[in-house]
Every structure is written in C-alpha cells, then in structure tokens.
Amino acid sequence: MKIICIGRNYIDHIKELHNTIPEKPVFFMKPETALLQINNPFFYPEFSNNVHYETEIVLKINHNGRHIERKFAHKYYDEISVGIDFTARDIQVEQKKKGLPWEIAKAFDQSAPVGYFLPKSTFADLSNIHFSLKINGELRQNGNTGDMMLDFDHIISYVSRFVSLKTGDLIFTGTPAGVGPIEINDFFEVFIEDMKLLEFNVK
Ligand code: MG
C-alpha cells in the first residue's frame with residue numbers, strides 16, 4: 001500500500017506559499033508507515049520546529065490499474081475521506097532551495113492521519129464537497145473540491161501514467177489555503193460537510 005499526494009492543486013494555496021502554478025501536475029509519495037492509525041495521537045517529530053497541517057480529501061483506490069483513461073477513472077474509487085498531509089515546512093523550504101527531494105519533509109512516520117471513509121455515493125456532486133479543519137474548536141481550514149485545478153478523475157488518470165495503482169492505495173488530493181503550524185496539545189477535528197471523520201491530539 002502506498003500514499004500518493006498531489007501538490008499545488010488549489011490556486012489560493014499556491015499563492016499563500018508563493019509557489020508558481022505548475023505546468024504539469026505535481027505529486028509525491030508517502031510510505032505505508034506514514035499512516036497514522038485512526039484517532040491515535042500524532043507525536044511532534046524532534047527533527048522539525050515548524051510542522052504544518054494541510055487538510056485534504058483522500059481517495060481510496062478499489063482495484064488495480066495503470067494508464068487509466070480519465071473517462072474510466074471514476075471506477076477506481078468508491079470511498080473518500082479526509083486526511084492531514086503533515087509537512088515539516090522548515091525542512092521542505094531547505095529541500096526546495098537546493099532542488100532536493102521532499103521525502104524528508106513529507107514522508108516521515110505518522111505524517112498521514114486519515115479519517116473514516118464514506119461511500120462516494122453519499123455525495124450528489126463530487127466537484128462540490130466542502131471540507132474543513134478545526135483546531136482546538138476553532139475553524140482553521142476550509143475547502144471545496146470545486147476549487148481543485150485537477151479533479152479526482154484527472155488525478156487518477158495522470159498518476160496512473162507513471163505509477164500503477166493498487167487496491168488500498170490512498171491519494172491525497174491537495175490542500176486549499178489556510179495551512180499553518182501546529183503545536184503540542186493541539187486537538188484536531190476534520191470534517192466533510194458536517195460529518196466529523198477524524199480527530200486526534202498532538203503530543
Ligand atoms: Mg499536501
């Protein structure tokens with residue numbers, strides 16, 4: 001099982017980090033060991049002083065495929081959830097400056113909390129799903145899948161040109177604006193519409 005993460009998929013987030021709009025989709029991966037078991041605490045890693053949250057819709061791949069055409073991509077997932085793409089922003093900034101890979105900032109243990117999955121049939125329109133993050137009861141991030149540059153089907157089609165998808169793989173679909181630092185003792189609650197699918201503490 002692997003976790004594939006799309007970068008720079010929401011224009012307002014690209015702007016807040018002063019990145020450029022990519023000519024081609026950006027993706028990177030996290031290993032299975034990045035998964036945080038549901039509702040377990042997240043332990044602040046000792047190697048970073050600036051871990052950021054990024055709240056993202058997550059797709060679960062339901063059968064194997066490669067070179068998936070966009071028109072068939074919807075058949076490759078039936079469940080969605082929310083997750084946090086934890087990022088050691090201080091390390092990522094250094095890696096970007098040097099043109100080095102991002103794994104050290106993105107793929108570390110527990111860097112991918114994921115919530116309970118819902119059937120995608122729960123939603124009338126996958127391109128109009130609202131999701132949000134509260135920290136300590138305060139709304140911190142708010143997104144709508146209608147603002148994605150690449151929609152779910154386009155993501156699956158693009159990624160599967162390079163990397164075969166397998167049953168159980170997860171795809172993080174990018175974060176909207178509002179990313180920010182976390183602190184020890186923060187309490188995370190992550191929602192799709194008004195359904196809380198994930199909660200955990202930072203320790
Ligand atoms: Mg992200």
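Treat the numbers as computed from the prediction; the structure is a model and nothing was measured. Computation of the quantities below employed the complete heavy-atom set of this structure, encompassing side-chain atoms and omitting hydrogens, waters and symmetry-equivalent molecules. Numbers for residues simply follow the sequence, beginning at 1. Numbering of ligands and ligand atoms starts at 1, following listing order.
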Show which side-chain atoms of residues 64-73 pair as donor or acceptor with protein atoms under 3.5 Å away, not counting sequence neighbours.
residue: Asn64; atom: OD1; partner: Thr167; partner atom: N; Å: 2.9
residue: Asn64; atom: OD1; partner: Thr167; partner atom: OG1; Å: 3.2
residue: Arg70; atom: NH1; partner: His154; partner atom: ND1; Å: 3.4

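A salt bridge links Glu189 with Lys196: the closest approach of a Lys/Arg side-chain nitrogen to an acidic carboxylate oxygen falls below 4.0 angstrom. A salt bridge is defined here as a Lys NZ or Arg NE, NH1 or NH2 lying under 4.0 Å from an Asp or Glu carboxylate O, and Lys2 with Asp169 meets this definition.
Around the Mg ion (ligand 1), protein N, O or S atoms at less than 2.8 Å comprise Glu54 OE1, Glu56 OE2, Asp85 OD2.
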Chi angles and distances behind the ring-ring contact (aromatic ring centres under 6.0 Å, His included) call for Phe47, Phe108
CA-CA 10 Å; Phe47 50 78; Phe108 54 89; 5.4 Å; yes
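Residues Leu165 and Tyr76 share a hydrophobic cluster, clusters being chains of Ile/Leu/Val/Met/Phe/Trp/Tyr side chains in contact below 4.5 Å.
Going from atom NZ of Lys97 over to atom CD of Glu94 covers 4.0 Å, rounded to the nearest 0.5 Å.
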